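Worksheet for the structure shown next.
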Amino acid sequence: MPELPEVETIARTLKPQLEGRTILSVHLLWKRTLATPSPRAFASRIAGQKVLDVGRRAKFLHVRLSKDNLFIHLRMSGDLRVEKTRHKPAKHDRLIVDLSGNKTLVFNDTRKFGRVWLTDDPQDVIGGLGPEPFDPEFTPRILYSRLQAHRRQIKPLLLDQSFLAGMGNIYTDEALHLAGIHPLVESDKISLKKAEKLFYAIRTVLEAGITHNGASIDWVYRGGDFQNYFRVYGRTGEPCPVCRTAIKRINVGQRGTHFCPKCQRRI
DNA sequence: CACGAGACCTGTTCGC
DNA sequence: TGCGAACAGGTCTCGT
């Protein structure tokens, strides 16, 4: 799925296209796409609400409406576009939101993993999330103490959205390589110095991702080109950009994991 | 508490 | 060429 930089890119693109418009009607094409409320309540409640703001929290797109909050999670294959209102859904369209001014917000999601919530209390959806990587309150010291609070393999821990919000499989592999940390290292074995390095590595790779408008992989093309700057992700067997050692691929928590066996020692 | 496996889905690529 | 297996940017739930 889109990770933090891809969702940030989408949020920035949608913001000027959606703000100020009024929602006229919605058409739900795949029932399970809607997490809450019921399809009937969703349709009647959302109609007539105005879009006040569009933003991002972790990997959620947050659309603030006059009375409610619309949250959209793209999961693995979701995509969002604003188009001129049309009447025939395209392949894999799951939710159509008709807006004032002849525009339509289209949620297209091949694998049907994506979810949409409408709620008056944002905490219902995003209440359990960990710190936002770019939050000024989030510091290297805080990352260190949170790492010490667990004894878990570092990669799955970074992917845990309640530990840290927004990291996904690609940016985690990239950040661990930049910080020189093996993906299986136990979190409480990471020194303060290494935790600081990891903190800045996380911000660096996420920032680079945003600068490049995210990554476009396989058939999910969203315009970004960060895939051309991957250090290790998807580069199994290719030389490490730092030391030329062949990049290894292993499975960690059933996720493909790429790292340099020389730069990222297990210890 | 930490971890692995299985679900949820469709599509593409890999290996024989 | 063909066909099944493996794999894909995510997250939840269950069992050990």
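Here is the naming used below: chain letters follow the sequence lines, and residue numbers restart at 1 for every chain. For clarity, every value in this text was computed on a predicted model and none was experimentally measured.
Near DNA chain B, meaning a heavy atom under 4.0 Å away, the residues from residues 152-165 of chain A are A/Arg152, A/Gln153.
Side-chain proximity of A/Lys59 to the nucleotides C/dA8, B/dA2, C/dT11 is greatest for C/dT11.
Checked for salt-bridge contact, A/Lys155 and A/Asp173 meet the test: a charged N lies under 4.0 Å from a carboxylate O. For the pair A/Asp160 and A/Arg146, the salt-bridge criterion is not met [side-chain N within less than 4.0 Å of a carboxylate O].
Between A/Ile217 atom CD1 and C/dC7 atom C1' the separation is 12 Å, expressed in whole Å. If you measure from atom NZ of A/Lys189 to atom C1' of B/dA2, you get 13 Å, rounded to the nearest angstrom. A/Gln148 has its CD atom 13 Å from the P atom of B/dA2, to the nearest Å. Rounded to whole angstrom, the span from the NE2 atom of A/His258 across to the P atom of C/dA8 amounts to 7 Å. The nearest whole Å value for the distance from the CZ atom in A/Arg255 to the C1' atom in C/dA8 is 9 Å. A/Asp109 has its CG atom 13 Å from the C1' atom of B/dG11, to the nearest Å. Computed from coordinates, the A/His92 NE2 to C/dA8 C1' distance equals 14 Å when rounded to whole Å. Between the C1' atom of C/dA8 and the CZ atom of A/Phe230 lies a distance of 12 Å, rounded to the nearest Å.
Atom CD of A/Glu3 sits about 5.5 Å away from atom NZ of A/Lys59, to the nearest 0.5 Å. Taking CD of A/Glu83 as the start and NZ of A/Lys103 as the end, the distance is 9.5 Å to the nearest 0.5 Å.
When each of A/Arg231, A/Gln264, A/Arg266 is tested with A/Phe259 by the rule side-chain contact (heavy atoms from CB on, under 4.5 Å), just one qualifies, namely A/Gln264. Exactly one residue among A/Leu24, A/Leu105, A/Thr22 makes a side-chain contact (heavy atoms from CB on, under 4.5 Å) with A/Leu99. That residue is A/Leu105.
Distance check on atom P: B/dA5 versus C/dC7 gives 13 Å, rounded to whole Å. Look at the P atom in both B/dG6 and C/dA5: the space between them is 15 Å, to the nearest Å.
Checking A/His212 against A/Asp225 by side-chain atom types alone, a donor-acceptor pair falls below 3.5 Å. Of the N and O atoms on the side chains of A/His27 and A/Asp98, at least one donor lies less than 3.5 Å from an acceptor on the other residue. Between the side chains of A/Ser77 and A/Asp109, a donor-acceptor pair is found at a separation under 3.5 Å.
Contact annotation: A/His73 side-chain N/O to C/dT11 OP1/OP2 distance is under 4.0 Å. Contact annotation: A/Lys91 side-chain N/O to B/dT10 OP1/OP2 distance is not under 4.0 Å.
Below 30°, between 30° and 60°, or above 60°: for A/Phe60 and A/Phe71 the angle between ring planes is above 60°, a perpendicular geometry.
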Filtered N/O pairs between nucleotides 5-9 of chain B and protein, under 3.5 Å:
from, atom 1, to, atom 2, distance (Å)
B/dA5, N7, A/Gln254, OE1, 2.9
B/dA5, N7, A/Gln254, NE2, 3.2
B/dG6, N7, A/Gln254, NE2, 3.4
B/dC8, O3', A/Arg32, NH1, 3.3
B/dC9, OP1, A/Arg32, NH1, 3.1
B/dC9, O4', A/Arg111, O, 3.4
B/dC9, O2, A/Arg111, NE, 2.8
B/dC9, N3, A/Arg111, NH2, 3.2

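When each of A/Arg249 and A/Phe60 is assigned the nucleotide of DNA chain C with its nearest heavy atom, A/Arg249 is the one assigned upstream, toward the 5' end.
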Pairing string of DNA chain C (Watson-Crick or G-U wobble, both atom distances under 3.5 Å; | = paired to other strand) is .|||||||.|||||||
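The distance between the ring centers of A/Tyr233 and A/Phe226 does not fall below 6.0 angstrom.
Looking at heavy atoms from C-beta onward, A/Arg249 lies out of side-chain contact with A/Arg235 at the 4.5 angstrom threshold.
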